[in-house]
Chemist: 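This structure is in structure tokens; I'll ask about it shortly.
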Amino acid sequence: VQLQASGGGLVQSGGSLRLSCAASIRTFSIYHLGWFRQAPGKEREFVAAISWSGGTTYYADSVKGRFTISRDNAMNTVYLQMNSLKPEDTAVYYCAAGTRWSSSRDLYDYWGQGTQVTVSS
């Protein structure tokens, strides 16, 4: 199982980025998917999650109203649309897949390699 995240980059404060994560999982549609991020010197933290059907989403308070998670089961891809970006959003962003609905990184089974997002002030 492989998850490949992409779409990171350098953006000014207030700007937008769209992250993608393509999965090589035959049964992609049974997995809940999540995005996490890790800033230098900090723990990896939960950002957003989407249920296997796409019908339920959950966000960290710090990104609620600015970020949107979505998925395309036909394309085996999960997305994270990030708007109104702030310097404190700067981190390496990771996608993850798991069979248990959770915001805890310990309950996700598969992880992508991460993509760097840098927001300048």
Side-chain angles (χ1 to χ4, degrees):
V1 174
Q2 289 187 329
L3 299 172
Q4 182 74 34
S6 62
L10 174 64
V11 64
Q12 289 187 332
S13 181
S16 298
L17 280 175
R18 188 194 196 201
L19 305 184
S20 299
C21 177
S24 63
I25 309 175
R26 278 197 300 177
T27 53
F28 178 81
S29 61
I30 73 169
Y31 287 92
H32 305 309
L33 302 168
W35 286 97
F36 291 77
R37 66 187 182 187
Q38 188 167 18
K42 294 189 177 181
E43 296 283 321
R44 190 172 299 188
E45 65 175 6
F46 170 78
V47 174
I50 187 165
S51 62
W52 65 270
S53 67
T56 302
T57 56
Y58 181 62
Y59 298 92
D61 287 343
S62 59
V63 307
K64 202 172 295 182
R66 301 187 297 122
F67 291 10
T68 303
I69 188 171
S70 61
R71 65 188 294 164
D72 184 338
N73 284 346
M75 297 296 291
N76 279 19
T77 302
V78 60
Y79 304 98
L80 185 68
Q81 177 67 44
M82 305 186 295
N83 298 329
S84 302
L85 282 161
K86 304 175 182 179
E88 51 263 44
D89 294 318
T90 295
V92 177
Y93 283 70
Y94 299 89
C95 55
T99 56
R100 289 165 288 186
W101 177 248
S102 176
S103 61
S104 170
R105 63 180 187 265
D106 295 333
L107 296 183
Y108 282 80
D109 303 308
Y110 306 107
W111 290 84
Q113 86 290 358
T115 185
Q116 176 71 46
V117 172
T118 303
V119 184
S120 63
S121 57

Chemist: Below 4.0 angstrom, N of the basic side chain to O of the carboxylate: do D89 and K86 qualify?
Modeler: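 Not counted as a salt bridge, because no side-chain N and carboxylate O are separated by less than 4.0 Å.
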Chemist: Evaluate the side-chain proximity of F67 to L17: yes if any heavy-atom separation is below 4.5 Å, no if none is.
Modeler: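 Of all side-chain heavy-atom pairs linking F67 with L17, none is under 4.5 Å.
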Chemist: Could you check whether R71 makes a cation-pi contact with Y31, meaning its NZ or CZ is under 6.0 Å from the centre of the six-membered ring and within 45° of the ring axis?
Modeler: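 Checked: cation-pi criterion not met.
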Chemist: Search all heavy atoms of D72 against all heavy atoms of Y79 and return the closest pair with its distance.
Modeler: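 Closest approach of D72 to Y79: CB-CE1, 4.1 Å.
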Chemist: Same cluster for W101 and W111 if Ile/Leu/Val/Met/Phe/Trp/Tyr side chains link at under 4.5 Å?
Modeler: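 Yes, same cluster.
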Chemist: Please give me the minimum heavy-atom distance between S20 and T77, naming the atom from each residue.
Modeler: CB-CG2, 4.3 Å
Chemist: On a heavy-atom basis, which atom in W52 and which in H32 lie closest, and how many Å separate them?
Modeler: N-ND1, 3.0 Å
Chemist: Less than 4.5 Å apart, side chain to side chain, heavy atoms only: is that true for T68 and N83?
Modeler: no
Chemist: As an exercise, state the distance from CG of L19 to OH of Y94, rounded to the nearest 0.5 Å.
Modeler: 13.0 Å
Chemist: Give me the atom names and distance for the closest heavy-atom approach of S102 to A49.
Modeler: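 Scanning both residues completely, I find the closest heavy atoms to be O-CB, 4.3 Å.
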Chemist: Side chains of I69 and Y59: closer than 4.5 Å at any heavy-atom pair?
Modeler: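 In contact.
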Chemist: Does Q113 use its side chain to pair, donor to acceptor, with the backbone of A5 at less than 3.5 Å?
Modeler: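 At least one qualifying donor-acceptor pair exists.
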Chemist: Answer yes or no: are there more than 12 heavy-atom neighbours, outside K64 itself, under 6.0 Å from its atom NZ?
Modeler: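 Yes.
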Chemist: Please answer: with hydrophobic residues joined when any side-chain heavy atoms are less than 4.5 Å apart, are F28 and I30 in the same cluster?
Modeler: yes
Chemist: Check whether any side-chain heavy atom of V92 sits under 4.5 Å from a side-chain heavy atom of R44, and report yes or no.
Modeler: no
Chemist: Report the distance from atom CZ of R26 to atom CG of N76, rounding to the nearest 0.5 Å.
Modeler: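 These two atoms lie 11.5 Å from each other.
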Chemist: Mind checking the CG-OH spacing from L33 to Y110? Nearest 0.5 Å is all I need.
Modeler: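 So the CG of L33 and the OH of Y110 are separated by 12.5 Å.
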Chemist: State, to 0.1 Å, how close G34 and Y108 come at their nearest heavy-atom pair, and which atoms those are.
Modeler: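 Shortest heavy-atom separation between G34 and Y108 comes out as N-CE2, 3.7 Å.
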Chemist: How about M82 and V47: do any of their side-chain heavy atoms sit closer than 4.5 Å?
Modeler: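 No, too far: nothing below the 4.5 Å cut-off.
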Chemist: Measuring from atom CD of E45 to atom OG of S103, what distance do you get when rounded to the nearest 0.5 angstrom?
Modeler: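 Result: 11.5 Å between the selected atoms.
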Chemist: Give a yes or no on whether Q2 atom CD has more than 12 heavy-atom contacts from other residues, nucleotides or ligands under 6.0 Å away.
Modeler: no
Chemist: Can you tell me how the ring of F36 sits relative to the ring of F46, calling it parallel under 30°, perpendicular over 60° and tilted otherwise?
Modeler: perpendicular
Chemist: L80 versus V78: any side-chain heavy-atom pair under 4.5 Å?
Modeler: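 With C-beta onward as the side chain, the pair stays apart.
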Chemist: Does any donor atom in the side chain of T118 or Q116 lie under 3.5 Å from an acceptor atom in the other side chain?
Modeler: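 Yes - a donor-acceptor pair under 3.5 Å links their side chains.
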Chemist: What closest approach, in Å, do S29 and N73 show between heavy atoms, and which atom pair accounts for it?
Modeler: CB-ND2, 3.6 Å
